[in-house]
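What follows is a single structure, written as structure tokens, with notes after it.
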Amino acid sequence: LSGQLLIWWLVPTLEKAQEQADEYSRLAGEDSMKALVVRGRGAPDPRIEGEAMCPRHLVVNRAAAMGVNVQEAICRNGCPLQTTCGFQRQKKEMPETGLFVMASHYLWLPCPAPRHDLVIVDESILDKAAEVISFDPSRITDDDKWSGRELDEAMERRRIALLVRSAITEHPGRELTFLRENDITVADIRGCLQHLATRDEAYPQLSGHMSDRAIAAALDAVEAREVLKVLKLFRQIRRELPLPRARLNSVWYEPDALVKVDGEIERAPRVLVGYVKPPRLARETPVLALDGTGSLDLNRKIFGEHMSEHRFAVPRQAEVTQVGSKVFSRQSLTGCDRHGHPISSQKTADAARLRRQVVELLRLLPGQVLLVTYKQAEEVLQPELPTHILSAHFGALRGLNSFEH
């Protein structure tokens, strides 16, 4: 690539970004634009061993995820590390043009790289675009969320909130119908949204002068009030209320959900809200999404209905043998549930037998062989693997070319 463009190249992970930048640099000519890896606040600082790009990244990234403009509220507002941290150094040293390779979560977070002329999204980002939050249904009707201005306005907002809570907790499968029967309109929901968005307690008041502990306490206080979660609930209702169906699709109620309280698992009623995070892209920004197994319909939910599809078929050079009688799930290979706890003595014995069979099969395969499985399964299989077997787990493999040979 050459020219005076500024291109963002988004890949699944920072490790993949480094791999892509290295490979690009090997192929680049004298006139090619330079590739630069963009490192987040929590990434290792390449110039200081054992140091993160931002030493305060734990609380700072929490604040950014809650909508705080960290650069203005903390970094430029009294942070004692402003002139020394790797993140600010990186920002100052960035050129005005070039190829900026970064992890794809920068589609939704503030990015230190300059404004882009073109964005390339390499590999699917669908799994990162959707998010589910949960909270106690009583949070919907907290008095302090709806107070303010004239008393009759506050009472009306709380009346609407009571109907919303009732629709979700008492009328599953017909939540929208219940709201319409009670004359709740999109304008009513929009008014509640506007009120919640202007509540001072919805966003933490932070500065760089504050200690990490003080910032964490301020974030905890905002999370405890859960104003932003209720705001997202009303936003989804506003989107679905005009649709000609009875139920909410992106909101549901679990009266006996498993939740973690002070490190212990308990059962409690929870409202769950699923939503698609809007990308931080200007409407006029051209986007090229590269994905061998992508869905145009799902990508349009993120990038807009104007997105078009162009297919380039790649010749397949593999012979595939599929086992139809066994799915090799994580549980069947480990004998444990998702938390790593043994399911039963019988499941443990069955899993051990299945692993022995897998290892016996691998011993028979000639040449270098790659085993790809779940992380937990890889960990228990590794000690028994023959020397000619390499292994990787799904989460660490995606998008990388480390095993292309």
Side-chain angles (χ1 to χ4, degrees), residues 61-70 72-73 105 107-110 128-150 153-169 171 175-176 178-180 182 184-206 215 217-243 247-254 257 259 268-280 301-302:
N61 282 343
R62 271 189 69 195
M66 294 173 65
V68 175
N69 185 333
V70 168
E72 296 298 325
H105 62 244
L107 261 180
W108 300 280
L109 293 176
K128 298 179 182 178
E131 197 167 73
V132 176
I133 57 172
S134 69
F135 54 91
D136 190 290
S138 64
R139 291 299 191 189
I140 301 173
T141 52
D142 286 342
D143 286 340
D144 59 354
K145 285 187 175 66
W146 307 110
S147 61
R149 302 184 67 177
E150 298 297 328
E153 293 178 357
M155 294 294 291
E156 175 61 12
R157 288 192 294 265
R158 193 170 187 281
R159 182 189 73 85
I160 296 170
L162 283 166
L163 288 170
V164 166
R165 187 182 71 177
S166 179
I168 295 169
T169 60
H171 301 272
E175 301 93 345
L176 295 176
F178 176 82
L179 292 173
R180 295 184 193 111
N182 285 274
I184 299 299
T185 66
V186 171
D188 293 329
I189 301 298
R190 185 179 293 113
C192 290
L193 269 173
Q194 292 169 346
H195 171 78
L196 290 172
T198 59
R199 300 295 290 175
D200 289 339
E201 63 268 29
Y203 303 95
Q205 302 300 311
L206 307 176
I215 291 176
L219 298 177
D220 290 341
V222 169
E223 286 184 345
R225 290 188 288 268
E226 298 187 310
V227 177
L228 292 178
K229 290 184 177 182
V230 175
L231 186 147
K232 288 171 181 174
L233 163 66
F234 275 74
R235 186 174 292 152
Q236 293 305 114
I237 293 174
R238 181 194 64 188
R239 289 169 174 163
E240 295 199 46
L241 191 57
L243 301 177
R247 65 172 302 153
L248 282 165
N249 280 354
S250 61
V251 179
W252 63 101
Y253 176 59
E254 292 187 9
V259 296
R270 304 294 282 181
V271 174
L272 294 98
V273 182
Y275 63 98
V276 176
K277 299 179 290 185
R280 297 171 66 94
K301 299 297 182 184
I302 301 169

With side chains defined as the heavy atoms from C-beta onward, is the minimum distance between [X] and [Y] less than 4.5 Å?
{"X": "Val132", "Y": "Trp252", "result": "yes"}
{"X": "Pro110", "Y": "Asn69", "result": "no"}
{"X": "Asn249", "Y": "Arg239", "result": "no"}

Ignoring hydrogens and angles, tell me if any N or O in the side chain of [X] forms a donor-acceptor pair with the backbone of [Y] under 3.5 Å.
{"X": "Lys232", "Y": "Ile133", "answer": "no"}
{"X": "Trp146", "Y": "Glu153", "answer": "no"}
{"X": "Thr169", "Y": "Arg165", "answer": "yes"}

**Request:** Count the heavy atoms of every other residue, nucleotide or ligand shown that sit under 6.0 Å from NZ of Lys277, and state whether that count exceeds 12.
**Result:** yes
**Request:** Return yes when atom CD of Gln205 has more than 12 non-hydrogen atoms of other residues, nucleotides or ligands closer than 6.0 Å, and no otherwise.
**Result:**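 No, not enclosed.
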**Request:** Under the salt bridge (Lys or Arg N to Asp or Glu O under 4.0 Å) rule, what do Lys229 and Glu223 come out as? Steps first, then yes or no, please.
**Result:** CA-CA 9 Å; Lys229 290 184 177 182; Glu223 286 184 345; over 6 Å; no
Please report, to 0.1 Å, the donor-acceptor pairs under 3.5 Å made by any side chain of residues 189-196, with sequence neighbours excluded.
residue : atom : partner : partner atom : Å
His195  : ND1  : Arg157  : NE           : 3.4
His195  : NE2  : Lys145  : O            : 2.7
His195  : NE2  : Ser147  : O            : 3.4

Spatial distance of atom [atom1] ([X]) from atom [atom2] ([Y]) [nearest 0.5 Å]:
{"X": "Ile184", "Y": "Leu163", "atom1": "CD1", "atom2": "CG", "answer": "5.0 Å"}
{"X": "Leu231", "Y": "Thr198", "atom1": "CG", "atom2": "OG1", "answer": "9.5 Å"}
{"X": "Phe135", "Y": "Ile140", "atom1": "CZ", "atom2": "CD1", "answer": "5.0 Å"}
{"X": "Ile302", "Y": "Lys128", "atom1": "CD1", "atom2": "NZ", "answer": "11.5 Å"}
{"X": "Leu107", "Y": "Leu109", "atom1": "CG", "atom2": "CG", "answer": "9.5 Å"}
{"X": "Ser134", "Y": "Glu226", "atom1": "OG", "atom2": "CD", "answer": "8.0 Å"}

So which heavy atom on [X] is nearest to which on [Y], and how close?
{"X": "Ala154", "Y": "Gly148", "answer": "CB-O, 4.1 Å"}
{"X": "Val68", "Y": "Ala73", "answer": "CG1-CB, 3.8 Å"}
{"X": "Phe178", "Y": "Ala167", "answer": "CD2-CB, 3.5 Å"}
{"X": "Tyr253", "Y": "Pro137", "answer": "CE1-CG, 4.0 Å"}

**Prompt:** Taking 4.0 angstrom as the limit, do Arg270 and Asp136 come out as a salt bridge?
**Reply:**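 Asp136 and Arg270: not salt-bridged.
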**Prompt:** So Ser250 and Tyr275, side-chain contact (heavy atoms from CB on, under 4.5 Å) or not? Walk me through it.
**Reply:** CA-CA 7 Å; Ser250 61; Tyr275 63 98; over 6 Å; no
**Message:** Just to verify, what does Val251 make a side-chain contact (heavy atoms from CB on, under 4.5 Å) with, not counting sequence neighbours?
**Reply:** Ile168, Leu233, Gln236, Leu248, Val271, Val273
**Request:** Step by step, work out the side-chain contact (heavy atoms from CB on, under 4.5 Å) result for Val222 and Val227.
**Result:** CA-CA 8 Å; Val222 169; Val227 177; over 6 Å; no
**Request:** Going by the side chain to side chain contact (heavy atoms under 4.5 Å, CB included) test, name the single residue among Ile237, Asp188, Val230, Asn182 that passes it with Val164.
**Result:** Ile237
**Sole residue of Arg180, Arg247, Glu240 in side chain to side chain contact (heavy atoms under 4.5 Å, CB included) with Glu175** = Arg247
**Request:** Apply the test salt bridge (Lys or Arg N to Asp or Glu O under 4.0 Å) to residues Arg158 and Asp142: give CA-CA distance (whole Å), side-chain angles for both, the deciding distance (0.1 Å), then the verdict.
**Result:** CA-CA 8 Å; Arg158 193 170 187 281; Asp142 286 342; over 6 Å; no
